[in-house]
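Inspection log for the structure reproduced underneath, given as structure tokens.
The basis for the numbers below is simple: all heavy atoms, side chains too, and nothing from hydrogens, waters or symmetry mates. What you see is a predicted model, and the numbers here were worked out from it, not measured in a lab.
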Amino acid sequence: MFLSPTLRRQPEFRAGMRDMASAALGIGAWGLMTGVAMVKSDMSVLEAVAMTLFVYAGSSQLAAIPLLAAGAPAWVILATGFCVNLRFVVFSLHLRPYLMHMPRWRRLLHGYLTADLSYALFTKQYTAPPTTPAQQLAQEAYLTGNYFVTWCAWMGMSLLGIALANLIPQTWGLGFAGVLSLVAIVCSMATTRLRVLAALIAGATAVAAYALPLKLNIVVAIGVAVLLCFWLEKQFGLDPDAEDDK
């Protein structure tokens with residue numbers, strides 16, 4: 001489907017895979033921990049597999065798992081997932097000029113498969129949308145190579161975590177390994193002052209609101225960071241995608 005022979009033959013596809021390969025271990029560790037966490041939270045194997053395949057969003061899955069286990073209302077779970085994944089709305093808006101030449105089904109497929117790091121690497125590699133058919137093919141091949149590695153690492157290790165959840169002891173500290181891998185991903189994307197500020201605001205707010213029930217401090221932290229950084233962007237004309245001068 002998304003691995004058409006035409007895309008696989010492009011050198012950009014292999015370049016995208018190479019660029020993403022260094023992050024595959026961290027993504028796999030995060031996926032393994034998420035798979036284990038779903039089963040350990042009393043989800044059935046079928047439910048855990050379905051969540052892995054259809055949601056495909058580690059941070060959103062981990063935010064929803066304790067809410068599901070606590071019997072939280074559906075609106076709280078949906079609101080939490082929406083807020084945690086709100087960044088993909090921004091990603092989609094940025095990628096729109098890159099993908100608008102494609103049929104709708106392919107745009108939807110790229111939207112489902114594109115993750116944080118594949119978006120970050122793609123937009124770093126290609127700072128401007130394609131203007132010729134050759135550029136369109138090259139850029140799509142690079143993006144596909146990026147998320148092919150991401151998808152395989154995440155799905156393979158997440159499904160392995162589901163299968164081995166009852167055999168993996170808590171003392172292995174997979175949760176800590178997953179947190180470290182996510183911190184590494186966040187740090188790699190914090191390339192501007194506004195992004196660093198957003199991370200600091202969200203972290204401080206999450207700690208300040210820690211007493212809220214049902215992990216709502218996460219929702220509040222994301223909302224405060226997004227709103228405040230949007231205000232700063234408009235007030236001072238900051239560009240969230242502009243690299244800081246070195």
Side-chain angles (χ1 to χ4, degrees), residues 27-93 108-109 111-119 147 150-151 153-155 157-163 165-166 168 170 174-183 185-186 189 198-199 201-230:
I27 295 169
W30 188 241
L32 181 67
M33 189 274 292
T34 303
V36 172
M38 287 189 290
V39 176
K40 295 286 188 182
S41 66
D42 293 330
M43 293 179 67
S44 69
V45 172
L46 181 60
E47 290 170 338
V49 170
M51 187 178 227
T52 296
L53 295 176
F54 293 115
V55 177
Y56 183 44
S59 54
S60 181
Q61 288 174 236
L62 288 173
I65 287 170
L67 299 178
L68 290 168
W75 72 267
V76 173
I77 299 171
L78 293 174
T80 301
F82 175 79
C83 289
V84 170
N85 280 346
L86 195 58
R87 65 194 185 279
F88 286 102
V89 176
V90 180
F91 294 174
S92 298
L93 289 173
L108 291 172
L109 186 61
Y112 166 72
L113 291 166
T114 299
D116 298 85
L117 274 185
S118 55
Y119 165 81
Y147 64 55
T150 302
W151 190 89
W154 176 266
M155 288 297 177
M157 296 304 291
S158 185
L159 293 174
L160 182 64
I162 293 170
N166 294 321
I168 297 178
Q170 298 284 4
L174 287 175
F176 185 63
V179 170
L180 288 181
S181 67
L182 188 61
V183 168
I185 292 172
V186 171
M189 298 181 69
I201 292 171
T205 306
V207 173
Y210 184 76
L212 291 176
L214 302 175
K215 303 290 184 180
L216 288 175
N217 62 312
I218 298 174
V219 179
V220 172
I222 294 169
V224 169
V226 169
L227 291 175
L228 187 54
C229 287
F230 269 138

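- Taking V226 as the reference, L86, I222, F230 meet the side chain to side chain contact (heavy atoms under 4.5 Å, CB included) condition, with sequence neighbours excluded.
- Of the inter-residue distances, the one linking D42 atom CG with L68 atom CG reads 11.5 Å to the nearest 0.5 angstrom.
- Residues A115 and T150 come closest through the heavy atom pair CB-CG2, 3.9 Å.
- The line from CE of M38 to OG of S44 is 10.5 Å long, rounded to the nearest 0.5 Å.
- None of V36, V45, T34 except one satisfies the side chain to side chain contact (heavy atoms under 4.5 Å, CB included) rule with I162; the exception is V45.
- Nearest approach of V84 to S60, heavy atoms of both residues: CG1-N, 3.7 Å.
- Put simply, CH2 on W154 and CD1 on I27 are 9.0 Å apart, with the number rounded to the nearest 0.5 Å.
- Contacts of M157 classified as side chain to side chain contact (heavy atoms under 4.5 Å, CB included), with partners at least two apart in sequence or in another chain: L32, L160.
- Sequence neighbours left out, not one pair with a member in residues 217-230 passes salt bridge (Lys or Arg N to Asp or Glu O under 4.0 Å).
- Proximity of F88 to D116: side-chain heavy atoms (C-beta onward) are separated by under 4.5 Å at one or more points.
- Among residue pairs with one or both ends in residues 61-85, none qualify as salt bridge (Lys or Arg N to Asp or Glu O under 4.0 Å); sequence neighbours excluded.
- In this structure, the separation between CH2 on W75 and OG1 on T80 is 8.0 Å, given to the nearest 0.5 Å.
- In this structure T52 satisfies the side-chain hydrogen bond (donor to acceptor under 3.5 Å, both in side chains) test together with S158, sequence neighbours excluded.
- Looking at residues two or more places apart in sequence or on another chain, you find a side chain to side chain contact (heavy atoms under 4.5 Å, CB included) between T205 and I201, V220, A221, V224.
- Residues that satisfy the side chain to side chain contact (heavy atoms under 4.5 Å, CB included) test with A209, not counting sequence neighbours, are L212, N217.
- By the ring-ring contact (aromatic ring centres under 6.0 Å, His included) test, Y112 pairs with Y56, sequence neighbours left out.
- Between S59 and N85 the shortest side-chain heavy-atom distance falls below 4.5 Å.
- Across all non-hydrogen atoms, the minimal contact from A225 to A198 is CB-O, 3.7 Å.
- Annotation: the span from M51 atom CE to M43 atom CE amounts to 5.0 Å, rounded to 0.5 Å.
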